[in-house]
2 protein chains.
Amino acid sequence: MVSFEQFQMEDGSPIYLQIVSFVQRGIVAGTITDGDEMPSRRVLSALIGVNPNTIQKAYRQLEDDGIIESRSGAKSYVTITPASTRTIRGRLLSKETAALVQNMKQMGISMEEAISLVAEAWSEEE
Amino acid sequence: MVSFEQFQMEDGSPIYLQIVSFVQRGIVAGTITDGDEMPSRRVLSALIGVNPNTIQKAYRQLEDDGIIESRSGAKSYVTITPASTRTIRGRLLSKETAALVQNMKQMGISMEEAISLVAEAWSEEE
DNA sequence: TTAACTGTATTATATGCATAGTACGGTTGG
DNA sequence: CCAACCGTACTATGCATATAATACAGTTAA
């Protein structure tokens, strides 16, 4: 069963996209694997305090991305391969670093200083 | 005159906030300094192809943040101090790194690998 | 002075996101 | 079998964002 215990909203981005990203990061980390059972829309809704329609929107997105499979009436399951996992990993890592690098450059920060700031934040984070 | 030549929309975040961030990063970089003249709402609207009301919303935000000053009928000017600049710098850098570090950790990426990815993206960026 | 510009305000429309409530039919385990 | 789930669909409301069109008063340079 895919766990959402560690999920928490904070971003300014749409909630349904935060859920999609959470699942994608779990896949990259290996904590979510092929065949894993997804919590039902209603259960996850109650667990994280988000409207069932919003959960459905996230699941629909995951379905469209080929990350989960749903059958009307039955539960939903994760359907990924080593290849699709590598694709997700590459896309997420690229997106994460690209934004930081671009903004750091616009602020006139050097690469050395940027790396130093990342290392510092890494230690401060809990 | 504050230049928006380098500004380009891409983010999924609100346009007016992208404009605010663009100005803040320019201040941190030192390309935008105290007393600089802001382009008028209408001129910037035409320049970057965004509705004047959206520009006004961004300028209102900058005004509320104490970054610019406006007088009805006259032009708007940047009003920052070394102290406020340091505050903006610290807040932007912290926000930039915090999100990356948290997501990287959720993906099971090590600090060494994260730094390596940043360095790599730094070189690939143009 | 005055024409051109400025900031500011208003109303209206459209879209995306999130919530609330309800409903229907498929699946499944006791 | 059938009750308890499940996915799915629908209408309605509220809010933030973005656009469009218009208007008015203050400022400024020729």
Side-chain angles (χ1 to χ4, degrees), chain A residues 1-4 7-24 32 35-80, chain B residues 1-4 7-24 32 34-80 99:
Chain A
M1 170 70 81
V2 175
S3 169
F4 280 80
F7 180 83
Q8 53 178 357
M9 285 181 293
E10 13 183 353
D11 224 15
S13 71
I15 297 175
Y16 83 98
L17 289 182
Q18 292 182 45
I19 294 172
V20 169
S21 295
F22 178 82
V23 172
Q24 290 175 331
I32 297 177
D36 278 0
E37 177 184 322
M38 295 287 290
S40 81
R41 276 74 164 164
R42 292 171 178 83
V43 166
L44 183 56
S45 168
L47 180 64
I48 66 178
V50 168
N51 192 276
N53 297 329
T54 303
I55 307 293
Q56 166 64 6
K57 189 165 189 177
Y59 278 31
R60 164 74 71 184
Q61 183 70 50
L62 289 168
E63 179 111 24
D64 291 345
D65 292 348
I67 293 176
I68 69 171
E69 275 188 4
S70 306
R71 281 168 39 235
S72 182
K75 295 179 178 173
S76 300
Y77 296 91
V78 175
T79 57
I80 50 175
Chain B
M1 169 72 80
V2 175
S3 169
F4 279 80
F7 179 83
Q8 53 178 356
M9 285 183 292
E10 13 184 353
D11 223 16
S13 71
I15 298 175
Y16 82 98
L17 289 182
Q18 292 182 44
I19 295 172
V20 170
S21 295
F22 178 83
V23 172
Q24 289 174 332
I32 297 177
D34 186 63
D36 278 359
E37 177 184 322
M38 296 287 289
S40 81
R41 277 74 165 162
R42 292 171 177 83
V43 166
L44 182 55
S45 168
L47 179 63
I48 68 178
V50 167
N51 191 277
N53 295 330
T54 303
I55 307 292
Q56 166 64 7
K57 190 166 188 176
Y59 278 32
R60 164 73 71 183
Q61 182 70 50
L62 288 167
E63 179 113 25
D64 292 344
D65 292 348
I67 293 176
I68 69 171
E69 274 188 3
S70 305
R71 281 168 40 235
S72 182
K75 294 181 179 174
S76 301
Y77 295 91
V78 176
T79 57
I80 50 175

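Everything numeric here is computed off the predicted structure, so don't read it as measured data. In what follows, chains carry the letters A, B, and so on, assigned in the order in which the sequence lines appear, proteins first and then strands, with residues in each chain numbered from 1.
Contact footprint of chain B on DNA chain C: nucleotides with an atom under 4.0 Å from a non-hydrogen protein atom, first to last in 5' to 3' order, C:dT6 to C:dT10.
Residue-environment remark: CD (A:Glu69) stays at or below the threshold of 12 foreign heavy atoms within 6.0 Å.
Partners of A:Gln61 under the side chain to side chain donor-acceptor pair (under 3.5 Å) rule, at least two apart in sequence or in another chain, are A:Asp65. Residues satisfying the ring-ring contact (aromatic ring centres under 6.0 Å, His included) criterion with B:Tyr77, sequence neighbours excluded, are absent altogether.
For the pair B:Tyr16 and D:dT17, the criterion of a side-chain N or O lying under 4.0 Å from OP1 or OP2 is met.
Between A:Lys57 and B:Asn53, it is B:Asn53 whose nearest contact on DNA chain C lies nearer the 5' terminus.
A heavy atom closer than 4.0 Å to some atom of DNA chain D occurs in B:Arg42, B:Val50, B:Asn51, these being the qualifying members of residues 37-52 of chain B. Taking a 4.0 Å limit (strictly below) on heavy-atom distances, residues 59-75 of chain B reaches DNA chain D at B:Arg71, B:Ser72, B:Gly73, B:Ala74.
Among all heavy-atom pairs drawn from A:Ser70 and A:Glu63, the shortest one is OG-OE1, 2.8 Å.
Residue B:Tyr59 holds its OH atom at 4.5 Å from CG of B:Leu44, rounded to the nearest 0.5 Å. Here the OG1-CG distance, from A:Thr54 to A:Leu17, works out to 11.0 Å after rounding to the nearest 0.5 Å.
Contact annotation: the side chain of B:Ser40 never approaches that of B:Lys75 to less than 4.5 Å [non-hydrogen atoms, C-beta and beyond]. Counting heavy atoms from C-beta outward, B:Ile55 and B:Ile48 have side chains that approach closer than 4.5 Å.
The side-chain hydrogen bond (donor to acceptor under 3.5 Å, both in side chains) analysis of residues 13-24 of chain A, with sequence neighbours excluded, yields the pairs A:Asp11-A:Ser13.
In this model, no donor atom of one side chain and acceptor atom of the other lie less than 3.5 Å apart for B:Ser76 and B:Arg71.
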